[in-house]
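What follows is a single structure, written as structure tokens, with notes after it.
Keep in mind it's a predicted model, so treat the numbers as computed, not measured.
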Amino acid sequence: MSPTATLFDADAASYTGTVEVLGVIFRAEDDGYAVLEVQEAGSGEGFALVGPVAHLAAGDRAEVSGEWQTHSRYGRQLRAQGALPLDPADREGQVAYLTSLRQIGPARAERLVDEHGEAVLQKIAADPQGVFGSLRGVSVNQAAAATESWHASRAVRDLHVQLAPHGLAHLAAPIHARYGEHSMTILHEDPYRLTEVEGVGFARADKIALAADVPPESSRRAQAAALYALVEAEQQGNSYLPLDELTRRTAKLIGLAPDPEVLVEARGLLDDEGRVYRELTRESEIAVAATLLRRTTAPPHLDHDPGENPGARLTDEQWAAVRGAFSSRISVLTGGPGVGKTECTKEIVAEAEAANATIALCAPTGRAARRMEEATGHEAKTIHRMLEWMPGREPSFRPGHPLPADLVIVDESSMLNLRLAEVLLGGLAESTHVVFVGDADQLPPIGAGKPFEDLIASGAAPAVRLTQIFRQAARSMITTAAHEINQGRPPHLEPTEGQDHDFFFIDRPNPERALETVVEVVAERAPRSFGVDPIRDVQVLAPMYRGTVGIDALNERLQARLNPDGRKALNDRFRIGDRLIQTRNSHELGLMNGSIVFLRRDEPEEEAIVVDTDDGGSLVIPYGETATLRLAYAISVHKAQGCEVPVVVGVCHRSHSRMLTRPLLYTAITRARNSCVLVGDRAALGAAVQRGDGGGRHSGLAERLRG
């Protein structure tokens, strides 16, 4: 360290030196920013280190460089420009580092340091398999796991060195997790592929590419931006983008006006008469359209006529849906809450059983499948389980080897995106009758396309929209509020004569007061008024993650209020007893995106946690599979699709106004089984009711179905 950059030199503007991390004051989840308490090696002087240093943890040593600044509240601190992890020099640090390796717990780490002394890390680097294998009680498989973990940790450090100059050192671990031994090659030869890693957007990959001398005006850069823009558009629900829109989005990413003809030549893209698709997405759209058209134009396969008379139990429009299930190979049943979709489904099942037809019931999520099974008394599965499909492999039931079923009912069909619809239809025989059941007014699916909506809009298949609200359902304010919102009218907030008061609105325009009120409702009012468990039976829904009353802040406050004494688990990420949500499909575990679990045990020796599932079972999750778990006291409305919970507490606040729409509010309210409480302000509620879905999605499926 330069003599002019010591901690004691008040005039020094910069600093370079070795520090030890004493603790983490703050760490952001998504951008690598952190505030750390550190001390200078040698002098022991402490200070705060701020910036992209979230890759460092308590006990780590690092070579840091940065600029001194004075914070109005926290005083003098170092804003880091680089922070390169170093091997620990002292015994305590070496033991802590070795303990972080797989199969090397505290006792084995102590023995390694005892046997090899201060040079333990150098000796492991020279022969990791030999050193780990020589430990008493360590099996060959355990030594191999420890060796693999060692190599991964060293590879991540090498990535740190490469990424630190770009301020992206915190992305070293997720990049290595994605690409493994190929990480460095991709970093140098194809940096735009880094956008495949969560947390690496185009701007970050572009920064690395430009530093590697990719010309700003190059076709390679423009095409990488176009591909990224189209992938991002698919995540927003589009199947394609018009060429002019793709060009605008690309220009925004690269800061230059690209040549549209160059963009459509990007590998993996295809221009279909001015509509630019990713090739795989276009193939899915064509495949879904082709199979739907073949089936809708074919005569019914099931030889069963339910008759003309619905009897006393069903209305004429409900009976039309029952008849449609047998008169066409593809049919649709839609409608809002309280209109009798479940009764129709039960009757279709009963008629199919009377015809000795083989029946399969399914839904996109496990929660929806369980609800379907409870309502009908017939086994129901997720679509993935029904088709025996684990992504990365072919489904067991696929084209040429279809599911042996005469009739399949698909609930919550509004959640089907293009890819899921393609795999589902591909796994069913051409002769199978398929009934798509869902609420077309709910939020569209996550991912490209809107097959359920397009099928209805095309008119290619018989579709019945149930409209009559049954008297018993109309007693619920939740039901009437949902229908009022769907019709573009603010819901009435007081019960009419004979109605159950199960829908509430609490006016809290101030965001901090809104946050406090949500916590109070969940922790106090709901248990007292509704007799529910605040952790298991109440779900908070919000449109946005950030902000005073966003999902992140809600989870922090709710965890502190509902589970203050839970023992810390998974390196302080969670507490025993926490409500968690899975954010990616894990078919190996049988844990789908959106699944809710409750953390029961942390077992470091087994490198696993044990969770209770929301259907009353239990599941062991290895540490390596826990990265996609998040706190779930509060979740997004999109994540709640397909679920139903006893009590919903929804945020409807002006600070979320850009996300508040009629479909989102409608979907949130209809997730409540018994009671729904909205917290926010009336102006935001009124504005949301008036706002549709923001212009819809670009999809060519309806047009293809019309021929």
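Qualifying ring pair (Phe, Tyr, Trp, His ring centres under 6.0 Å) partners for His698, counting only residues two or more places apart in sequence or in other chains: Tyr240. Residues satisfying the salt bridge (charged side-chain N to carboxylate O under 4.0 Å, His left out) test with Arg278, not counting sequence neighbours, are Glu234. In this structure Arg508 satisfies the salt bridge (charged side-chain N to carboxylate O under 4.0 Å, His left out) test with no other residue, sequence neighbours excluded. Listed by chain and number, the residues in a ring pair (Phe, Tyr, Trp, His ring centres under 6.0 Å) with Phe504 are His501 (sequence neighbours excluded). Judged as a salt bridge (charged side-chain N to carboxylate O under 4.0 Å, His left out), and not counting sequence neighbours, the contacts of Asp681 are Arg654. In this view, Gln499 and Thr480, His492, Thr496 satisfy the side-chain hydrogen bond (donor to acceptor under 3.5 Å, both in side chains) rule, not counting sequence neighbours. Asp612 pairs by the salt bridge (charged side-chain N to carboxylate O under 4.0 Å, His left out) definition with Arg536, Arg600, not counting sequence neighbours. Val349 meets the side chain to side chain contact (heavy atoms under 4.5 Å, CB included) test with Glu353, Ile359, Leu361, His378, Ile409; sequence neighbours excluded. Under the rule for a side-chain hydrogen bond (donor to acceptor under 3.5 Å, both in side chains), Asn238 has no partner lying at least two apart in sequence or in another chain. For Lys381, the side-chain hydrogen bond (donor to acceptor under 3.5 Å, both in side chains) criterion is met by no residue, not counting sequence neighbours. Among residues two or more places apart in sequence or in another chain, the side-chain hydrogen bond (donor to acceptor under 3.5 Å, both in side chains) test is passed with Ser655 by His653.
In summary, Arg371 and Glu374 do not engage in a salt bridge, as defined by a charged side-chain N under 4.0 Å from a carboxylate O. A salt bridge links Arg249 with Glu245: at least one charged nitrogen is closer than 4.0 Å to a carboxylate oxygen. Salt-bridge check for Arg704 with Glu285: passed, with a basic side-chain N closer than 4.0 Å to an acidic carboxylate O. Residues Glu520 and Arg525 are paired through a salt bridge, judged by an N-O separation under 4.0 Å between the basic side chain and the carboxylate. One finds no salt bridge joining Glu373 and Arg370 here, because no Lys/Arg side-chain nitrogen approaches an Asp/Glu carboxylate oxygen to under 4.0 Å. Taking a cutoff of 4.0 Å between a charged side-chain nitrogen and a carboxylate oxygen, Glu512 and Arg557 qualify as a salt bridge. Here Arg706 does not pair with Asp454 in a salt bridge; the nearest charged N to carboxylate O distance is not below 4.0 Å.
Contact between Arg662 and Ile485 at its shortest, heavy atoms only, is CD-O, 2.7 Å. Between Pro451 and Leu701 the shortest heavy-atom distance is CA-CD2, 3.7 Å. Of all the heavy atoms in Leu660 and Ala688, the pair that sits closest is CB-CB, 3.8 Å. When every heavy atom of Pro310 is checked against every heavy atom of Asp316, the shortest pair comes out as CG-OD1, 3.6 Å. Here the shortest heavy-atom pairing between Thr479 and Pro337 reads CG2-O, 3.6 Å. The two residues Leu685 and Leu678 come nearest to each other via the heavy atoms CD1-CD1, 4.2 Å.
Here Thr334 contributes atom OG1 and Asp441 contributes atom CG; the two are 6.5 Å apart, rounded to the nearest 0.5 Å. Interatomic distance, Asp552 CG to Leu631 CG, rounded to the nearest 0.5 Å: 9.5 Å. The distance from atom CD of Glu484 to atom OH of Tyr666, rounded to the nearest 0.5 Å, is 12.5 Å. Separating the CG atom in Leu558 from the CD1 atom in Ile551 is a distance of 11.5 Å, to the nearest 0.5 Å. One distance of note links CD1 of Ile576 with CG of Asp565; it measures 13.0 Å at 0.5 Å rounding. Asp507 contributes atom CG, which lies 11.0 Å from atom CZ of Arg513 (distance to the nearest 0.5 angstrom).
At a cut-off of 3.5 Å, with distance as the only test, no side-chain donor of Asp502 or Ser675 sits close to an acceptor on the other residue. No donor-acceptor contact under 3.5 angstrom links the side chains of Arg313 and Gln318, judged on distance only. There is no side-chain donor-acceptor pair under 3.5 Å between Gln468 and Thr315.
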*Could you go through the side chain to side chain contact (heavy atoms under 4.5 Å, CB included) check for Val518 and Leu515 one step at a time?*
CA-CA 5 Å; Val518 170; Leu515 176 64; 5.6 Å; no

_Between Val597 and Gln582, does the side chain to side chain contact (heavy atoms under 4.5 Å, CB included) criterion hold? Intermediate values first, please._
CA-CA 8 Å; Val597 298; Gln582 172 74 1; over 6 Å; no

*Verify side chain to side chain contact (heavy atoms under 4.5 Å, CB included) between Ser239 and Tyr277, making sure each step is shown before the conclusion.*
CA-CA 7 Å; Ser239 299; Tyr277 288 85; 4.2 Å; yes

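Partner of Thr628 under the side chain to side chain contact (heavy atoms under 4.5 Å, CB included) criterion, chosen from Ile581, Leu580, Thr583: Thr583.
Side chains of Phe505 and Val679 form no contact here, defined as non-hydrogen atoms less than 4.5 Å apart. With contacts defined as side-chain heavy-atom distances shorter than 4.5 Å, the pair Ile348/Thr345 does not qualify. Taking 4.5 Å as the limit, some side-chain heavy atom of Leu665 sits within range of a side-chain heavy atom of Ile669.
Of the possible donor and acceptor atoms, one in the side chain of Gln539 sits under 3.5 Å from a partner among the backbone N and O of Ala632. With hydrogens and angles disregarded, no donor-acceptor distance shorter than 3.5 Å links the side chain of Asp578 to the backbone of Phe574. The main-chain N or O of Glu556 is never found under 3.5 Å from a side-chain atom of Arg561 such that the two would form a donor-acceptor pair. When atom types are taken as modelled, the side chain of Arg630 and the backbone of Ala627 share a donor-acceptor pair closer than 3.5 angstrom. Looking at Asn417, its side chain does come within 3.5 Å of a backbone N or O of Ile446 through a donor-acceptor pair. Panel note: side chain Thr667, backbone Gln442; no donor-acceptor pair is recorded below 3.5 Å. At least one donor-acceptor pair under 3.5 Å links the side chain of Arg697 to the backbone N or O of Gly449. Panel note: side chain Glu524, backbone Val521; no donor-acceptor pair is recorded below 3.5 Å. For the pair Arg204 (side chain) and Thr195 (backbone), a donor-acceptor distance under 3.5 Å is absent. Checking side-chain atoms of Glu644 against main-chain N and O of Ala672 turns up no donor-acceptor pair under 3.5 Å.
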Please report, to 0.1 Å, the donor-acceptor pairs under 3.5 Å made by any side chain of residues 634-643, with sequence neighbours excluded.
residue : atom : partner : partner atom : Å
Ser636  : OG   : Lys639  : N            : 3.1
Lys639  : NZ   : Asn593  : OD1          : 2.7
Gln641  : NE2  : Leu443  : O            : 3.0

